[in-house]
Amino acid sequence: MPDMIEQIHSRFVRALQGAFGDAVADTDPLIAPAGNLKFGDYQANVAMSLGKRLKRNPREVADEIVANLDKQGLFDDVEVAGPGFINLRLCADAIAGELAVLSGDDHLGIARPAQRQTIVVDYSGPNVAKEMHVGHIRSTIIGDCIARVLAMQGHDVVRQNHLGDWGTQFGMLIEHLLDKEQTFPDVRQLEDYVIQDLETFYRDAKRKFDTDPEFAIRARKRVVALQAGDERTLKLWKMIVDESRTHFSDVYERLNVNLNNGDLKPESAYNDALVDIVNGLADAGLLQESQGARVVFAPGFEDADGHPLPMIVQKSDGGYLYATTDLAAARHRIDERGAARIIYVTDARQSQHFAMVFATLRMVGWAGPHVRLDHVPFGTILGKDNRPFKTRQGGTVKLIDLLDEAEQRAAAIINQKNPDLPDGKREAIAHAVGIGALKYADLSNDRVKDYVFDWDRMLAFDGNTAPYLQNAYVRIRSIFRKAHEQDIDTSAIDASPIVLGNPPERAIALQLLQFPRMVDVVADSLEPHRLCNYLYDLATAYHKFYEACPVLTADNVATRNSRLRLSALAATTLRTGLNLLGIDVNEQM
RNA sequence: GCCCCGGUAGCUCAGUUGGAUAGAGCGGCGGUCUUCUAAACCGCAGGUCCCAGGUUCGAAUCCUGGCCGGGGUACCA
């Protein structure tokens, strides 16, 4: 489906050619939404740069483009202004026609990709034996949004939850569990332990590891036993992993995140491939010995002393590291899963790590030139004191506690603002509003920056928040509910003509037409906040429309049906957009 | 030291491919409900876009050099 900007673009390409011939065949007419509404709907900014290139007055260039522009059926008004801006006002009929196409499309105008790709999105990645905490929320939420957007486009999205389930820390944890069994033979069955117990054991084990040399030796031996596949050790490890997986599933379900057990591909899944990775690097002539470790040097990386910085793939004691696992995972995803693009959603501190992994994948040829590798970095969540977000006591904020508080705060606000809601719906609404607010606060900020966590702001019904967007949806649904009560037939509104008689109607229509492009923008930039900004603008445009344009009490049936249709499309777009963010809507709130 | 990221209104943040008078929300001041959820809308006040150069018809945006903050920088992830 050609969207509005494409149509304008192609008219201008022809106008350019008509005015200046083939010399400007590849010149971009620079079509953009108008910077200011009083200038029109769209503008073309090509005349200034082209004037420079042709050594001609840019205003004359603009005039000549306009003289060659086919305005028929698309532009109401075309004006040259300032140094050579071409301001465009679209015909209401052209907007309405385009909108009609959009509203008839069950895909809301989002273009299917020319080539359907398999895209791996690697996100969340919590650590086994630890409760999920605030440090996991950004990867989980941002990654889920990205996966949803790419899936909406029509790609084959492979979600990968790269669980941290392997490594030296499990040696000490398991050894500690065995100690407990020895010391207290009558303790509960180990299978009965829940994630909170494991977290406590983990801390105890760490303390013992740091203070008790004898335990530290046993813990290291336990790592070897684990890696060697010792039955008893493996059994305990598996117990730990299973309990953790249950916990993760619970969190994902409450967060409305599309990750399930089928998406789990933990670090341990690559154990058997690690030897091949090192051998493969050696075969390619990239492997070097340095200070007893086996490493790869990628050009352009330096350590603190200005020496080349290695990426260690095998430690001096023979153990492997996350670089090795990441190489194995990438190779698996490309060779076995057919990935054309791999997206890693991790915090910004890992930027250098992924830069080195990507460089190595390119050098050794495991990622060919057609495989796109994206690291999607994000900043830290800060408290109001601009320090990393902690509990009042200075501890780590558990994700479950955060979700509980979000729902409780949402429930309190809803009870206060709308006491008439039916009891059976309160819980679902508090869930959608609370979790939605929490997720939206994260997604609506430019992800690469740190952001300040503030309950009152994220749960406010004013400003760029989830409740504000959800409320716009609710207001629309309320209109349709009222229509039903008044026996107004809304079943055939999709066949009614769209009439754009006044500015708020035009504004909402133009905003709705931009949705498909926004989805593409997010898919390419991997910046969910752009979609948030768009939806906020859409909700604002709708609220203005709502104030200015009575729907059910419109002057005549044609206007009423047109406004119902605009409202319905706005609702669908809001619901779809919020769904891409992983946020639910309700009929009431 | 070197590398990466950030610095925009009192606060929290947007700012599209370099484009016209830099925008929102909160907070402050003032309006708008017998009428579809006022959980909203409208208006006013508020700016050294960190600083200094440079490129350009045009710079918050690009380049160079500073300043401030965060992160990374050899066997944790």
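Within every chain, numbering begins at 1; the chains are lettered A, B, ... in the order of the sequence lines, protein sequences first and strands thereafter. Note that the coordinates shown come from a computational prediction; the quantities given were computed from them, not determined experimentally.
For the pair A/N586 CG and B/A39 C1', the computed distance is 14 Å after rounding to whole Å. Taking atom CG of A/D385 as the reference point, atom C1' of B/C11 lies 15 Å away to the nearest angstrom. Atom CG of A/L309 is separated from atom P of B/C2 by 16 Å (rounded to the nearest Å). Rounded to an integer number of Å, the gap from CZ of A/F354 to P of B/G72 is 15 Å. Per the geometry, OH belonging to A/Y534 stands 22 Å off P belonging to B/G23, to the nearest Å.
Checked against a 6.0 Å centroid threshold, the rings of A/H543 and A/Y468 count as neighbours.
Across all strands shown, A/F39 has heavy atoms under 4.0 Å from base atoms, whether or not it also approaches the sugar-phosphate. Using a 4.0 Å heavy-atom distance criterion, A/A81 is classed as a base contact. Among the protein residues, A/D326 comes within range of no part of the nucleic acid, since none of its heavy atoms lies under 4.0 Å from any strand.
In this structure A/D41 satisfies the salt bridge (charged side-chain N to carboxylate O under 4.0 Å, His left out) test together with A/R506, sequence neighbours excluded. Residues satisfying the ring-ring contact (aromatic ring centres under 6.0 Å, His included) criterion with A/H529, sequence neighbours excluded, are absent altogether. With sequence neighbours left out, A/K208 forms a salt bridge (charged side-chain N to carboxylate O under 4.0 Å, His left out) with A/D179. In terms of the salt bridge (charged side-chain N to carboxylate O under 4.0 Å, His left out) criterion, residue partners of A/E587 (sequence neighbours excluded) are, by chain and number, A/R477. Residues passing the salt bridge (charged side-chain N to carboxylate O under 4.0 Å, His left out) test with A/D423, sequence neighbours excluded: A/R426.
B/A9 and B/C13 have their P atoms separated by 11 Å, given to the nearest Å. Rounded to a whole angstrom, the distance from the P atom of B/G30 to that of B/A22 is 28 Å. Straight-line distance between the P atoms of B/G27 and B/U61: roughly 32 Å, to the nearest whole Å. Using atom P as the reference point in both B/U64 and B/C4, the two lie 10 Å apart (nearest Å). Between B/U16 and B/C3, the distance separating the two P atoms is 27 Å to the nearest Å. Rounded to a whole angstrom, the distance from the C1' atom of B/G31 to that of B/G69 is 42 Å. Here the separation of B/G54 from B/U48, taken at their P atoms, is 22 Å to the nearest Å. Spacing between B/C75 and B/G15 at atom C1', rounded to whole Å, works out to 44 Å.
Below the 3.5 angstrom threshold, one finds no donor paired with an acceptor across the side chain of A/Q470 and the base of B/A39.
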Please tabulate, for side-chain N and O atoms in residues 353-360 of chain A, each donor-acceptor pair with protein atoms closer than 3.5 Å (sequence neighbours left out).
from, atom 1, to, atom 2, distance (Å)
A/H353, ND1, A/Y322, OH, 3.4
A/H353, NE2, A/D326, OD2, 2.7
A/T360, OG1, A/M356, O, 2.8

What donor-acceptor contacts under 3.5 angstrom involve side-chain atoms of residues 557-571 of chain A, with partners at least two apart or in another chain?
from, atom 1, to, atom 2, distance (Å)
A/T559, OG1, A/N556, OD1, 2.8
A/T559, OG1, A/N556, ND2, 3.3
A/S562, OG, A/V499, N, 2.8
A/S562, OG, A/V499, O, 3.3
A/R563, NE, A/E505, OE2, 3.0
A/R563, NH1, A/P550, O, 2.7
A/R565, NH1, A/D494, O, 3.3
A/R565, NH1, A/S496, O, 2.5
A/R565, NH2, A/S103, OG, 3.0
A/R565, NH2, A/D494, O, 3.2
A/S567, OG, A/Y542, OH, 2.8
A/S567, OG, A/R563, O, 2.8

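Pairs engaging residues 344-361 of chain A under the salt bridge (charged side-chain N to carboxylate O under 4.0 Å, His left out) rule: A/D347-A/R349 [sequence neighbours left out]. Evaluation of the side-chain hydrogen bond (donor to acceptor under 3.5 Å, both in side chains) test over residues 291-303 of chain A, restricted to residues two or more places apart or in two chains, returns A/R294-A/Q314.
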Between the protein and nucleotides 75-77 of chain B, list the N/O to N/O atom pairs that are separated by less than 3.5 angstrom.
from, atom 1, to, atom 2, distance (Å)
B/C75, O2, A/S316, N, 3.0
B/C75, N3, A/S316, OG, 3.4
B/C75, N4, A/Q291, O, 2.8
B/C76, OP2, A/K315, NZ, 3.1
B/A77, OP2, A/Y322, N, 3.3
B/A77, O3', A/E267, OE2, 2.8
B/A77, N7, A/Y322, OH, 3.2
B/A77, N6, A/Y322, OH, 2.8

Between protein and nucleic acid, restricted to nucleotides 12-17 of chain B and to nitrogen or oxygen atoms under 3.5 Å apart, what atom pairs and distances do you find?
from, atom 1, to, atom 2, distance (Å)
B/U12, O2', A/R457, NE, 3.0
B/U12, O2', A/R457, NH1, 3.4
B/U12, O2', A/R457, NH2, 2.5
B/C13, OP1, A/V452, N, 2.9
B/C13, O3', A/N445, OD1, 3.2
B/A14, OP1, A/D446, N, 2.5
B/A14, OP2, A/K449, NZ, 2.9
B/A14, O3', A/N533, ND2, 3.4
B/A14, O2', A/N533, ND2, 2.8
B/G15, OP1, A/H529, NE2, 3.0
B/U17, O4, A/I31, O, 3.0

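Residue A/Y468 places at least one side-chain N or O closer than 4.0 Å to OP1 or OP2 of B/C41.
Near RNA chain B, defined here as any heavy-atom distance below 4.0 Å, the residues from residues 546-553 of chain A are A/Y546, A/E547, A/C549, A/P550, A/V551, A/L552, listed numerically.
The side chain to side chain contact (heavy atoms under 4.5 Å, CB included) test with A/Y473 is passed by exactly one of A/T572, A/V585, A/N586: A/V585.
Stacking between A/F85 and the base of B/A20 is present: ring centres sit under 5.5 Å apart and the planes differ by under 30 degrees.
Between A/K206 and A/D210 there is a salt bridge, since at least one side-chain N of the basic residue sits less than 4.0 Å from a carboxylate O of the acidic one.
Side-chain contact of A/Y344 with A/H162: a donor-acceptor pair under 3.5 Å is absent, judged by distance alone.
Anti is the glycosidic conformation of B/C44, whose angle departs from 0 by more than 90°.
Nearest-nucleotide positions on RNA chain B for A/A304 and A/L421 put A/A304 closer to the 5' end.
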